[in-house]
Student: 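One structure is given below, represented as structure tokens, and several questions about it will come after.
Chain letters run A, B, ... following the sequence lines, proteins first, then strands; residues in each count from 1.
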Amino acid sequence: MDIDVEEIRNHFPIFERFRRDGIVYLDNAATTQKPREVVDAITSFYYNSNSNVHRGVYRIGEEATELYNHSRENIASFIGARSEEIVFVRNATEALNIAANNLPDVVGRDSEVIISRMEHHSNIVPWHLASTRYGIRVKMMENLPDRQITWEDIEKNLTKKTRIVSLSQCSNILGTINDLSAIGKRLHELGIIFVVDAAQSVPHMPVDVKKLNCDLLAFSGHKMLGPSGIGCLYGTSEILENMPPYMGGGEMIREVYENGFTTADVPEKFEAGTPNIEGAIGLSAAVDFLKRIGMDNVRSHEKELIKYTLEKEEEYALESLHSYGPRNPDIRAGIYTFQMKKGDSGKPYGNYVHPHDISHLADRIRGVEIRSGHHCAMPQTVALGTYATARASFYIYNGKEDVDTFFDALKAIEKKMIA
Amino acid sequence: MDIDVEEIRNHFPIFERFRRDGIVYLDNAATTQKPREVVDAITSFYYNSNSNVHRGVYRIGEEATELYNHSRENIASFIGARSEEIVFVRNATEALNIAANNLPDVVGRDSEVIISRMEHHSNIVPWHLASTRYGIRVKMMENLPDRQITWEDIEKNLTKKTRIVSLSQCSNILGTINDLSAIGKRLHELGIIFVVDAAQSVPHMPVDVKKLNCDLLAFSGHKMLGPSGIGCLYGTSEILENMPPYMGGGEMIREVYENGFTTADVPEKFEAGTPNIEGAIGLSAAVDFLKRIGMDNVRSHEKELIKYTLEKEEEYALESLHSYGPRNPDIRAGIYTFQMKKGDSGKPYGNYVHPHDISHLADRIRGVEIRSGHHCAMPQTVALGTYATARASFYIYNGKEDVDTFFDALKAIEKKMIA
Amino acid sequence: MTDDTIYSQILDDHYREPRNFGRMEDPDVQVTETNPTCGDTISLFIKVKDGNLEEISYVASGCLISVASASILSEKATGSSLKEIRTMAKSDVLKNLGLKLGPAREKCALISYDALMKAIDRYNSS
Amino acid sequence: MTDDTIYSQILDDHYREPRNFGRMEDPDVQVTETNPTCGDTISLFIKVKDGNLEEISYVASGCLISVASASILSEKATGSSLKEIRTMAKSDVLKNLGLKLGPAREKCALISYDALMKAIDRYNSS
Ligand SMILES: Cc1ncc(COP(=O)(O)O)c(C=O)c1O
Ligand SMILES: Cc1ncc(COP(=O)(O)O)c(C=O)c1O
């Protein structure tokens with residue numbers, strides 16, 4: 001591994017508590033911990049330059065605006081974009097809502113959009129809402145739980161009316177890393193708009209929006225060491241300029257009259273009201289932190305970890321353990337979703353351990369903190385034949401010893417709960 | 001005054017810089033400074049319990065959820081509401097967008113909404129957008145710059161189709177404090193939905209949503225010592241339950257299928273995706289800080305300050321100075337908007353000082369930091385016969401000596417710039 | 001705390017042998033309730049006689065907490081008057097479990113309670 | 001720094017006596033540009049002859065920075081070829097002012113530049 005996990009942990013003050021209380025945090029697909037550098041950037045803003053942005057011509061107003069603008073530039077360049085292609089939003093969910101709500105008027109309301117079954121609710125429900133509001137048709141294509149999405153999967157669902165395809169670059173439940181650049185290229189040849197949910201990819205691997213051939217792309221700050229309440233919608237200038245505004249209010253206008261208004265230029269057109277200024281500054285500091293490590297190293301570290309996890313799974317060979325997702329670490333993120341189940345009788349006890357109990361017990365027994373539930377991906381979960389699973393997910397501060405503790409916990413849980 | 005300004009300043013680390021650089025920050029209507037208590041609450045979350053909310057059944061997940069839920073309760077009770085009546089949003093602007101976007105389907109798309117001319121763009125543009133999207137009609141009623149909005153102002157614009165009235169409790173440009181409870185009562189008798197923009201009132205005076213007789217109410221955290229990126233939409237359970245969801249995604253759903261979804265209960269129904277968790281926690285700490293001072297004291301302190309300002313204005317009697325807003329401190333917030341102008345010749349020099357120059361010069365000459373521009377209230381600004389004004393606005397850490405410095409700056413500016 | 005004493009003896013026992021578990025023929029009311037946190041569901045059945053809860057049963061695909069909580073609740077409620085049951089508070093249910101739960105798991109513990117209250121309301125208004 | 005030396009001598013001078021200020025009869029192109037930060041507007045007029053900017057004028061309700069910047073720009077541009085003017089960068093304009101500006105005030109300084117570039121583009125495409 002190219003990453004010195006112990007060195008990295010020293011940047012995260014919460015590890016003091018983790019060490020004290022014996023906690024192994026493995027819910028990084030839900031949210032990540034924050035390094036001191038990020039918190040310090042936010043605190044320093046509060047204690048030195050805090051003021052509103054865009055309009056203040058006095059000193060601290062100009063300073064705040066400069067910090068905010070610099071943050072946008074820094075985050076943009078991190079994914080190969082230009083500053084004016086980045087809209088600050090609350091989270092990936094809001095970014096996808098802007099896409100789904102505003103594209104129908106760009107592509108026409110009788111259009112069809114294709115999404116996959118492995119999508120997070122945030123890349124499903126906004127399209128359903130747009131369908132209700134504007135009449136566009138949403139098609140959910142099937143995908144296999146142990147394979148990437150292929151061009152053939154998409155092709156089966158293409159019609160003349162298909163004008164939008166929206167896919168996640170990495171599944172938050174299967175860990176599948178989809179190979180999207182080739183798909184993007186073909187979609188563009190067909191004049192189809194390509195939206196990418198990058199909530200699980202931008203934090204974990206090098207992402208270049210130009211190489212991806214996407215038109216819009218969404219991600220969240222809190223999943224990449226940054227604060228919550230901040231995320232980005234990347235969009236090509238062409239798309240952003242063609243889309244109508246989403247919310248109205250301060251900052252996003254040029255002029256307002258009694259009966260109407262004109263909009264500001266992009267990206268401000270999509271940023272109504274006072275933005276999350278310290279959120280942007282914190283996310284920029286997170287980007288700096290990740291750049292110092294190098295996204296290639298982040299990816300290879302997590303690949304090592306998932307490889308090790310799959311090896312341990314075979315080594316332990318727990319009777320009740322079933323996991324999902326591709327077995328090839330090359331196309332698999334650091335996400336391990338599983339169930340503990342032996343048979344199927346009427347009553348719950350002895351045959352399976354409910355994921356909530358797995359999560360609760362893993363924490364109580366070995367301090368291993370993992371998620372349980374549908375992980376906001378009900379269609380995929382149901383397609384796996386269940387309503388809930390448990391999930392462990394890794395980040396830069398996790399090491400192989402965390403994987404060991406995790407399997408140790410599963411073994412103890414099986415012993416306690418499976419007849 | 002009941003407030004010990006010097007004692008309060010000690011809670012705000014940015015005052016170290018202000019003292020060092022001789023800065024007098026008077027742009028509090030745009031955003032306020034943050035006390036150490038707020039920043040510490042955020043940092044402590046990052047360093048002890050940081051994790052996602054709602055779904056984690058492990059320890060730090062439950063801790064985060066408890067902190068988040070407690071914050072909602074605390075903020076709710078601050079304005080006399082119940083927890084489930086508070087939707088967390090990014091800012092007042094988003095709250096008003098939810099209102100404007102979602103009410104048309106509650107009241108019918110051929111309805112009329114009345115707003116006033118003194119509204120902030122955030123209470124104008126969302127209604128224009130809703131008009132474009134859903135066909136509702138927006139009426140902007142007139143109001144006098146030195147008087148509260150009266151029932152008669154509204155009555156003139158009422159028709160059978162009026163189903164919504166949306167007004168600010170306090171104007172961010174005139175400082176007018178509107179007396180809304182009586183208006184709310186009459187609107188309710190007529191079955192009209194009453195939306196209140198409380199962005200400038202909740203931070204500065206006691207506000208009780210039940211006494212106000214409003215159905216929906218909006219405010220921002222960053223204008224009341226809290227972080228940016230967090231704000232609230234208050235709504236009665238009845239209204240919130242009747243409104244369709246705004247954004248789709250994680251957290252706001254109950255179940256998601258291939259072809260549709262069911263929504264979670266309010267308020268989660270309106271909170272798609274990972275919320276601004278530390279934002280909510282920081283705002284709750286800000287509320288605690290304000291409660292310790294007492295909102296009655298906050299209001300009487302600012303009333304004293306604006307009274308003193310109006311006295312100083314008369315005392316200095318600057319030839320070019322023109323200010324706006326009610327002269328009665330009882331109905332006037334700590335907001336002082338003005339121009340410097342003597343005559344009107346073709347060329348700019350000597351006759352007036354552009355508000356940008358006032359702001360720039362006030363900062364450079366005396367360290368006084370005030371805002372200039374249309375303050376996101378173009379219709380009101382135009383109705384004052386101009387395109388831009390300058391504005392000083394106060395908060396709990398401002399004292400009379402700040403007002404003195406401010407007038408001293410204006411005097412110097414007049415001397416330099418007016419022929 | 002050892003691996004075996006995380007949940008109390010009582011909870012473990014109710015989970016291993018849930019009382020009144022199963023579907024019911026001809027119930028007076030049947031209610032299905034979902035936990036939005038995890039998609040878990042409980043189907044709950046009641047029979048009422050002379051204003052009293054004569055019989056109650058349920059099938060649940062839930063976790064230990066939700067199954068044990070349903071089992072305990074079903075024991076407590078059987079034979080009581082609907083009126084009496086309707087005055088039970090959520091806090092009573094949580095107290096019966098004898099375990100401090102965080103907000104997410106409280107929802108697990110309360111799903112059977114929600115279902116039972118709904119069933120009673122539906123019975124009363126029919 | 002005294003109260004009098006905040007803006008440079010040059011800026012003050014251009015503000016007090018802006019060059020080429022006023023409307024123009026029969027311009028080849030007229031452009032009105034608004035600064036979204038403050039609602040300030042500039043109306044800019046140009047006359048072109050043989051590919052050169054023969055005449056330029058403007059009326060601006062702007063601040064010192066925007067008026068002085070327009071004045072300086074109008075002096076520099078008069079007589080130059082449209083081609084040459086079109087290669088001017090924003091940074092050139094800012095450099096001419098001899099004053100470090102923050103992002104908000106940069107917009108003030110550049111409003112006349114934006115208007116002039118628009119006017120030239122419009123002239124070329126007509
Ligand atoms: C009266 C009023 N309404 C709404 C807003 C919008 O607040 P925000 O930018 O925090 O959404 C403001 C703030 O400028 C305001 O003064
Ligand atoms: C694939 C994917 N998309 C979207 C989201 C939504 O992210 P957020 O809740 O930050 O909006 C998530 C996070 O859970 C995710 O994993």
Student: Where does B/S220 contact chain A at under 4.5 Å (heavy atoms): side chain, backbone, both or neither?
Tutor: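 For B/S220, neither part sits under 4.5 Å from chain A.
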Student: With a 4.5 angstrom heavy-atom cut-off, is it the side chain or the backbone of B/I124 that approaches chain A, or both, or neither?
Tutor: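 Contact with chain A is through the side chain of B/I124 alone.
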Student: Please classify the contact between B/E62 and chain A as side chain, backbone, both or neither, with a heavy-atom cut-off of under 4.5 Å.
Tutor: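 Neither part; nothing is under 4.5 Å.
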Student: In terms of heavy-atom pairs under 4.5 Å, which option from A/P379, A/S49, A/A130, A/P244 contacts chain B the most?
Tutor: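 With the most close heavy-atom pairs to chain B, the winner is A/P379.
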Student: Let me know if B/N50 has heavy atoms under 4.5 Å from chain A in its side chain, its backbone, both or neither.
Tutor: both
Student: Non-hydrogen atoms of chain A under 4.5 Å away: do they reach the side chain of B/T381, the backbone, both or neither?
Tutor: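 Looking at B/T381, nothing touches chain A.
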Student: Could you check B/Y25 against B/Y395 for side chain to side chain contact (heavy atoms under 4.5 Å, CB included), going step by step and ending with a plain yes or no?
Tutor: CA-CA 9 Å; B/Y25 181 76; B/Y395 210 23; over 6 Å; no
Student: Where on B/N52 is there a heavy atom nearer than 4.5 Å to chain A: the side chain, the backbone, both, or neither?
Tutor: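 Both parts, heavy atoms under 4.5 Å.
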Student: Which answer fits A/N28, side chain, backbone, both or neither, if we ask what part of it has an atom under 4.5 Å from a heavy atom of chain B?
Tutor: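 Neither part, no heavy atoms under 4.5 Å.
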Student: At a heavy-atom distance under 4.5 Å, which candidate from A/Y134, A/Y246, A/F18 has the highest pair count against chain B?
Tutor: A/Y246
Student: Let me know if B/R117 has heavy atoms under 4.5 Å from chain A in its side chain, its backbone, both or neither.
Tutor: neither
Student: Between B/D105 and chain A, which part of the residue has a heavy atom less than 4.5 Å away: side chain, backbone, both or neither?
Tutor: neither
Student: Check each atom of B/Y46 against the heavy atoms of chain A and say whether the ones under 4.5 Å are side chain, backbone, both or neither.
Tutor: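 Contact with chain A involves both backbone and side-chain atoms of B/Y46.
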Student: So which part of A/P275 gets closer than 4.5 Å to some heavy atom of chain B, the side chain, the backbone, both or neither?
Tutor: backbone
Student: Can you say whether B/I42 sits under 4.5 Å from chain A via the side chain, the backbone, both, or neither, judging by heavy atoms?
Tutor: side chain
Student: Could you have a look at A/H360, A/E251, A/Q33 and say which one has the most heavy-atom pairs with chain B under 4.5 angstrom?
Tutor: A/Q33
Student: Would you mind checking which part of B/R17 comes under 4.5 Å of any heavy atom in chain A, side chain (CB onward), backbone (N, CA, C, O), both or neither?
Tutor: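 It is the side chain, since no backbone atom gets that close.
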Student: Of the listed residues (A/R36, A/M252, A/E94), which shares the most heavy-atom pairs with chain B below a 4.5 Å separation?
Tutor: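 Result: the option with the highest number of such pairs is A/E94.
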